[in-house]
Number of protein chains: 2
Amino acid sequence: MSLTSSEENYIKAIFQLQVKDGMVSTNEVAAVLQTSAASVTDMLKKLKTKKLLVYEKYKGFKLNGEGRKLALMVLRKHRLWETFLVKILHFNWDEVHEVAEQLEHIQSQQLIDHLDDFLGNPAFDPHGDPIPDATGKMPFQSQMNLNKFPFQINGEVTAVGSQSPDILSLLEHKKITIGARIKVLQRFAFDNSFEIQINNKEQAHISAQLAEQIYVKKL
Amino acid sequence: MSLTSSEENYIKAIFQLQVKDGMVSTNEVAAVLQTSAASVTDMLKKLKTKKLLVYEKYKGFKLNGEGRKLALMVLRKHRLWETFLVKILHFNWDEVHEVAEQLEHIQSQQLIDHLDDFLGNPAFDPHGDPIPDATGKMPFQSQMNLNKFPFQINGEVTAVGSQSPDILSLLEHKKITIGARIKVLQRFAFDNSFEIQINNKEQAHISAQLAEQIYVKKL
DNA sequence: ATCTTTTTTTAGATTTGTCTAAAATAAAAT
DNA sequence: ATTTTATTTTAGACAAATCTAAAAAAAGAT
């Protein structure tokens, strides 16, 4: 089964939405892919005839086994390329997304296998997201959202929920990087914002909205 | 000026044809790109409105300065990726073409710059073809493989690819030494073997395998 | 110089992925 | 339960890149 770039983009988006929501809606996908709802419907019909998702008109949809497997392969390619760009070509981690979006559509199993080996079969990408292996298996990570992280416990930043440059530049400004030490000092009930300490030095004030994008694991 | 993948393919093909022929014909391009003459005409109109080539109906065409510059950038990308695939990912040199055809269309100046640096700014790709630098300048190729050496041109043997005693004794037998004068008289398509003349005297028959080990420069 | 063949271009159709506007359906509100 | 609002789908159009078949132009042959 081979996919066009566009099909790969849709499948990846649907996969990431259904991990959270279970069932996915047309508008959600349109929002993620910055396209119209009508275009999404068109693609859904196409993916249904390719037997990659379960879909009934007006009822929502989700990928089936084959669709999920293909989505994981797209995710694998994307994250391996991001790792390559940051680790090998010394891109900053907030510069890689757009390029990886292009590279992930290169069609060559051999290329991905060799790249994976060259990089040392990494389990996580530079944003801390898990990289599926060649069989589609995701490495487990005991990470949780910063909003749910307990007080006064040492944690390590493992991932960032969004790749948007706006968020990444804000995190950089606050010196919050993958691997940084983090401790929640105080929570303000008024707006669910936090005061946190980073790397046992700097303190920073984090809005609930930003905290939602930060994933942490206990140390 | 940004180009679609298709435009890049046409420009690259035209460039490589015009290096040899000067003026290029519709059918030549169609043959190289495995497409119809009608499609080539369509694209020519498009590239003309983009001011990348000189073209008059039924009169042939060739790239102008801007077109050549862009073609060189495509060639640069292609050859850098081939170098990466062979040197870093350990592809065999005959496996890289198809993948490099895809990779060459990735749009990111930064990516190419970083890749170039990572590879150590190579001057030649694994096939021995020159890699244009960031300004479009081609390194002068003083030596080339005997397999690529033109007919009936005087050359001088500059290097031998392998130091294996088997090869060296065969070369000695045929009186092929570093510094020897050489001229390709005939090529046999059946097995890509050659008839050559050495030092304006002896003639010898050279297998493709042996020719691959011999490097020559024009005189 | 005229006829024949080859090359090139045009005309019109097709595919993929997209769009807008309108219609159909579902969800929410009164 | 009916009306209003939101979501989703359909219908029809468009742009890019391609195709085939036919027409136009150039090149080659007699």
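In what follows, chains are A, B, ... by sequence order, proteins preceding strands, each numbered from 1. Values below: all heavy atoms of this structure, side chains included; hydrogens, waters and symmetry mates excluded. Quantities reported herein were computed from a predicted structural model and do not represent experimental measurements.
Contact between the side-chain N/O atoms of Asn27(B) and the OP1/OP2 oxygens of dT8(C) is found at a separation under 4.0 Å. One finds no side-chain N or O of Thr35(B) lying less than 4.0 angstrom from the OP1 or OP2 phosphate oxygen of dT18(D). The side chain of Thr4(B) places no N or O atom within less than 4.0 Å of a non-bridging phosphate oxygen (OP1 or OP2) of dA16(D). Using a 4.0 Å cut-off, no side-chain N or O of Ser36(A) falls inside it from OP1 or OP2 of dT18(C). Remark: Ser25(B) is not in phosphate contact with dT7(C), judged by side-chain N or O atoms under 4.0 Å from OP1 or OP2.
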Please tabulate, one pair per line, each protein N/O and nucleotide N/O from nucleotides 10-15 of chain C that are separated by under 3.5 Å, including the distance.
{"unit_1": "dT10(C)", "atom_1": "OP1", "unit_2": "Lys57(B)", "atom_2": "NZ", "d": "2.8"}
{"unit_1": "dT10(C)", "atom_1": "OP2", "unit_2": "Lys45(B)", "atom_2": "NZ", "d": "3.2"}

Detail all sub-3.5 Å separations between protein N/O atoms and N/O atoms belonging to nucleotides 1-3 of chain D.
none

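Regarding Glu28(A), its CD atom lies at a distance of 13 Å from the C1' atom of dT8(D), rounded to whole Å. Separating the CD atom of Gln34(B) from the C1' atom of dT18(D) is a distance of 15 Å, rounded to the nearest angstrom. Residue Glu7(A) contributes atom CD, which lies 10 Å from atom P of dT18(C) at whole-angstrom precision. Atom CD in Glu56(B) sits roughly 15 Å away from atom P in dT8(C) (whole-Å rounding). Here dT7(D) presents its P atom at 16 Å from CG of Leu44(A), a figure rounded to the nearest Å. Rounded to an integer number of Å, the gap from CE of Met43(A) to C1' of dT16(C) is 9 Å. With rounding to whole Å, Lys48(A) atom NZ is found 11 Å from dT9(D) atom P. In this entry the distance linking NZ of Lys59(B) with P of dT7(C) reads 18 Å, nearest Å.
Between the side chain of Asn64(B) and the backbone N or O of Lys51(B), at least one donor-acceptor pair lies under 3.5 Å.
Aromatic ring pairs are classed by plane angle as parallel below 30°, tilted from 30° to 60° and perpendicular above 60°; the pair Phe61(A) and Tyr55(A) is perpendicular.
A donor-acceptor pair shorter than 3.5 Å can be found between the side chains of Asp133(A) and Thr135(A).
In this structure, Leu52(A) and Leu3(A) have side chains that are in contact, with non-hydrogen atoms separated by less than 4.5 Å. Using a 4.5 Å heavy-atom threshold, the side chains of Lys87(A) and Pro126(A) count as separate.
The shortest heavy-atom contact between Leu146(A) and Phe194(A) is O-CZ, 4.1 Å.
Under the 6.0 Å cut-off for aromatic ring centres, Phe149(B) and Tyr215(B) do not qualify, their centroids lying 6.0 Å or more apart. Aromatic ring centres of Phe188(A) and His205(A): separated by under 6.0 Å.
Checking each of Gln107(B), His105(B), Glu8(B) against Lys77(B) for a side chain to side chain donor-acceptor pair (under 3.5 Å) leaves exactly one that passes, namely Glu8(B).
Contact annotation for Ser39(B): base contact, defined as any heavy-atom pair under 4.0 Å involving a base atom. Within the nucleic acid shown, Phe61(A) has no heavy atom closer than 4.0 Å to any nucleic acid atom.
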Practice item. Could you check Val40(A) against Asn27(A) for side chain to side chain contact (heavy atoms under 4.5 Å, CB included), going step by step and ending with a plain yes or no? Key: CA-CA 8 Å; Val40(A) 176; Asn27(A) 267 357; over 6 Å; no
